[in-house]
J.: 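Attaching a single structure in structure tokens format; questions to follow.
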Amino acid sequence: MSNTAVVLKAPDMEDPAAGIEVKEIEKPSNLGPKEVLCQMRMRPINPADIFSLMGVYPGFDCSDCNKEGTDVVPGLEGVGVVEDVGEGVSLSKGQRVVGIPFPSVEKGNGTWQKYIVAKEDDLFPVPDSISDEHAAQFYINPVTCVGMLDELSIPQGEYLLQTAAGSVLGRMLIQICKYKGIKTINVVRREEQAQEILDIGGDHVIVSQDGSSIQDKVMEITGGKGAYAAVECVGGTVFKGCASSLRASGTILIYGAMSSLEMTVAIPDVLFRGVTVRGFWLIPYFVHASVEKKRAMCNEIATMMEQGIIVPYAGKVFPLEDVAKAIAHATAHARGGKVLLSS
């Protein structure tokens, strides 16, 4: 039986969809011990997937793109159903699972195909109460949110400052912080986003294009204390506005580069106020964690999803075969929720 797949033939910096092809490849067979064959149902298009298609994401191996007889499939996460199992597997056929992560992270064997093989230890069973649209977004954004909060250890009642608060991840972070008793100051670029953020539980919203107004408004909100910590994914001068808004000895995590691959920081914030600047990347944080830690974090995320604490922002669903249209929609301005590919 064939396997419908999106194959990356050549990365393209200008047009992420230009280097892909939808084709039929061989369906995986001959499972080894502890291996599971999954029939994928749904997968999101994340910024990391777009960077993968451009050839610039270090968490996706596309080095074999041009090799004869090799099919490199993108896609870093998704939800599927167990179709077959190898020796020693405890999962049952028909069980829905997500990857934590799937082998796309290290082998270029991603979720944008109908069938994928993964080790049982790299799979997590999804409770029936979680929809496919939400389960497809189980890994990258929720683990990033929980991981960053774990790194920052923000006490209840203190403020977290975040940029891109209107993004799918930003909205999810607001939900988790509200559940954990952490207050949020949320930076967005468009005025029309402000009420949306307040409606989902954000405590305060700052509208800023370049970061110039962030410090004054944060100090006003916090009574001059500054935010306890910050997470930032825009870069440029916005980063400077956030770093200057922190308490002395506060930490700011940079986890993305939505507007610039460079960031500006005021030297006195680091030199005299002891502000710490660190990066947070999901791959080394989670992939190299013990199986026990992965399971504990996934159980926490599943519980929050089941209880409606985390409600992933799902957007338009496209058939896998319409991946080019889906990519165009996913990269459009103000597109709404997460774009999904179904099969």
Side-chain angles (χ1 to χ4, degrees), residues 1-8 16-17 20 22-25 27-28 36-50 52-53 60 73-84 91-105 109-118 122-144 167-169 171-172 282 298 301-302 304-306 308 310-332 335-343:
M1 186 182 295
S2 63
N3 177 18
T4 304
V6 177
V7 175
L8 180 61
I20 59 173
V22 179
K23 59 183 288 190
E24 298 298 319
I25 64 175
K27 180 181 176 181
V36 179
L37 175 64
C38 303
Q39 180 178 345
M40 298 303 298
R41 284 187 175 180
M42 197 163 290
R43 53 304 256 168
I45 299 180
N46 289 304
D49 295 311
I50 300 299
S52 297
L53 300 179
F60 178 75
V73 179
L76 297 173
E77 69 174 333
V79 61
V81 176
V82 175
E83 178 163 300
D84 200 2
L91 289 169
S92 301
K93 293 181 182 180
Q95 171 71 60
R96 286 191 311 151
V97 292
V98 295
I100 55 170
F102 282 110
S104 46
V105 169
N109 180 25
T111 59
W112 291 11
Q113 56 185 319
K114 189 171 182 181
Y115 297 98
I116 189 171
V117 173
D122 293 331
L123 297 173
F124 183 81
V126 181
D128 293 340
S129 59
I130 301 176
S131 69
D132 284 349
E133 289 82 358
H134 290 172
Q137 303 180 60
F138 188 94
Y139 173 58
I140 289 180
N141 284 344
V143 173
T144 298
S167 68
V168 174
L169 185 148
R171 292 165 184 260
M172 194 174 292
L282 173 64
C298 288
I301 291 168
M304 287 192 286
M305 281 193 175
E306 285 191 287
I310 296 177
V311 182
Y313 188 24
K316 192 170 182 180
V317 179
F318 292 80
L320 184 62
E321 293 80 1
D322 288 343
V323 62
K325 292 180 181 178
I327 290 170
H329 188 68
T331 53
R335 61 152 203 275
K338 185 71 69 177
V339 176
L340 300 160
L341 294 167
S342 67
S343 58

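Computation of the quantities below employed the complete heavy-atom set of this structure, encompassing side-chain atoms and omitting hydrogens, waters and symmetry-equivalent molecules. What you see is a predicted model; the values in this text were computed from it and never measured.
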J.: Please give me the minimum heavy-atom distance between Asn3 and Pro28, naming the atom from each residue.
T.: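 Heavy atoms of Asn3 and Pro28 come nearest at ND2-CD, 4.0 Å.
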
J.: Which atoms form the tightest heavy-atom contact between Ala314 and Leu340, and what is the distance?
T.: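 Answer, listing the atom of Ala314 first, then Leu340: CB-CD1, 4.2 Å.
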
J.: Would Glu77 and Asp49 count as a side-chain contact (heavy atoms from CB on, under 4.5 Å) if you check the C-alpha gap in whole Å, the side-chain angles of each, and the deciding distance to 0.1 Å?
T.: CA-CA 9 Å; Glu77 69 174 333; Asp49 295 311; 5.8 Å; no

J.: Just how far is it from atom CG of Asp84 to atom NZ of Lys93, taken to the nearest 0.5 Å?
T.: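 That separation rounds to 4.5 Å.
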
J.: Taking side chain to side chain donor-acceptor pair (under 3.5 Å) as the definition, give me every residue that meets it alongside Gln137, ordered by chain and number, with sequence neighbours left out.
T.: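 Not a single residue meets the side chain to side chain donor-acceptor pair (under 3.5 Å) criterion with Gln137.
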
J.: Might you point out which heavy atoms bring Leu341 and Ala326 nearest each other, and give the distance in Å?
T.: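 So the two residues come closest at CD2-CB, 3.6 Å.
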
J.: Using the rule side-chain contact (heavy atoms from CB on, under 4.5 Å), only one of Val168, Asn141, Leu169 pairs with Tyr313; which is it?
T.: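 Only one option passes, and that is Val168.
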
J.: Does Leu320 form a side-chain contact (heavy atoms from CB on, under 4.5 Å) with Val22? I'd like the steps, not just the answer.
T.: CA-CA 8 Å; Leu320 184 62; Val22 179; 5.9 Å; no

J.: Any heavy-atom pair between the side chains of Arg171 and Val311 that's under 4.5 Å?
T.: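 No, too far: nothing below the 4.5 Å cut-off.
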
J.: Report yes or no: does Ser131 contribute a side-chain atom to a donor-acceptor pair with the main-chain N or O of His134 at less than 3.5 Å?
T.: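 Side chain of Ser131 to backbone of His134, a donor-acceptor pair under 3.5 Å: yes, one is there.
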
J.: Rounded to the nearest 0.5 Å, how far does OG of Ser52 lie from CG of Asn46?
T.: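 Going from CG on Asn46 over to OG on Ser52, the span is 9.5 Å.
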
J.: Can you confirm whether Ile327 sits close enough to Ile20 that some side-chain heavy atom of one is under 4.5 Å from a side-chain heavy atom of the other?
T.: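 Yes, side chains in contact.
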
J.: Going by heavy atoms in the side chains, are Val97 and Val36 under 4.5 Å from each other?
T.: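 They are not in contact (no side-chain heavy atoms under 4.5 Å apart), so the answer is no.
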
J.: Checking Pro142 now: which residues fulfil side-chain contact (heavy atoms from CB on, under 4.5 Å) with it, not counting sequence neighbours?
T.: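 In terms of side-chain contact (heavy atoms from CB on, under 4.5 Å), with neighbours along the sequence ignored, Pro142 is linked to Met172, Ile301, Met305.
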
J.: Do Leu76 and Tyr139 make a side-chain contact, defined as non-hydrogen atoms from C-beta onward lying under 4.5 Å apart?
T.: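 No, side chains not in contact.
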
J.: Is there a side-chain contact between Ser342 and Val317, using heavy atoms and a 4.5 Å cut-off?
T.: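 Result yes, sub-4.5 Å side-chain heavy-atom pair found.
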
J.: What residues, two or more places apart in sequence or in another chain, satisfy side-chain contact (heavy atoms from CB on, under 4.5 Å) together with Lys316?
T.: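 Partners of Lys316 by the side-chain contact (heavy atoms from CB on, under 4.5 Å) criterion, ordered by chain and then number, come out as Phe318, His329.
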
J.: Could you list the residues that satisfy side chain to side chain donor-acceptor pair (under 3.5 Å) with Ser343, not counting sequence neighbours?
T.: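 For Ser343, the residues satisfying side chain to side chain donor-acceptor pair (under 3.5 Å) (neighbours in sequence not counted) are Arg43.
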
J.: Among all residues two or more places apart in sequence or in another chain, which pass the side chain to side chain donor-acceptor pair (under 3.5 Å) test with Gln39?
T.: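 None.
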
J.: Can you name the closest pair of heavy atoms from Ala135 and Val98 and give their distance?
T.: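 Minimum heavy-atom contact is O-CG1, 3.3 Å.
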
J.: Give me the atom names and distance for the closest heavy-atom approach of Val339 to Ala330.
T.: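 That closest heavy-atom pairing would be CG2-CA, 3.7 Å.
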
J.: Enumerate the salt bridge (charged side-chain N to carboxylate O under 4.0 Å, His left out) contacts for residues 124-141, please, sequence neighbours excluded, ordered by first and then second residue.
T.: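 Only Arg41-Asp132, Arg96-Asp132 qualify under salt bridge (charged side-chain N to carboxylate O under 4.0 Å, His left out).
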
J.: Taking the side chain as everything from C-beta on, heavy atoms only, tell me whether Leu53 gets closer than 4.5 Å to Trp112.
T.: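 Side chain of Leu53 against side chain of Trp112, heavy atoms only: contact under 4.5 Å found.
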
J.: Do Gln113 and Thr4 meet the criterion of a side-chain donor-acceptor pair at a distance under 3.5 Å?
T.: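 Side chains of Gln113 and Thr4: no pair found under 3.5 Å.
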
J.: Can you see which heavy atom on Ile100 is nearest to which on Cys298, and at what distance?
T.: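 In terms of heavy atoms, the two residues are closest at CG2-SG, 3.6 Å.
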
J.: Take a 6.0 Å sphere around NZ of Lys23 and say whether it holds more than 12 heavy atoms from other residues, nucleotides or ligands.
T.: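 Yes.
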
